[in-house]
Amino acid sequence: MMNKFGSELGEFLEFKNISQKEFAYRIGTSPKNLIDIINGKVGRRI
């Protein structure tokens, strides 16, 4: 189940034409972890 943060992050990446893989690399996480965050499977940690 997608959460609001994950949904908005996914929309932002699409709007900016940034792949999930590239964004994951930029923020220092794995693509799988980023996908899990977008899909609401794990919470974000700041």
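In this chain, residues are counted from 1 in sequence order. In this text the structure is predicted, and so the values were computed from the model without any measurement.
More than 12 non-hydrogen atoms from other residues, nucleotides or ligands lie less than 6.0 angstrom from CD of Glu22.
Checking side-chain atoms of Asn39 against main-chain N and O of Ile35 turns up a donor-acceptor pair under 3.5 Å.
How far CG of Asn33 is from CD of Gln20: 12.0 Å, rounded to the nearest 0.5 Å. Summarising the geometry, atom CD1 belonging to Ile27 is positioned 5.5 Å from atom CG belonging to Leu34; distances are rounded to the nearest 0.5 Å. Atom-to-atom distance recorded for Asn3:CG and Lys41:NZ is 12.5 Å, nearest 0.5 angstrom.
In this structure the side chain of Phe23 reaches within 4.5 angstrom of the side chain of Leu9, judged on heavy atoms. Looking at Leu13 and Ile38, their side chains come closer than 4.5 Å, going by heavy atoms from C-beta outward.
Note on Ile18 and Phe5: same hydrophobic cluster, where clusters join Ile, Leu, Val, Met, Phe, Trp and Tyr whose side-chain heavy atoms are under 4.5 Å apart, directly or indirectly.
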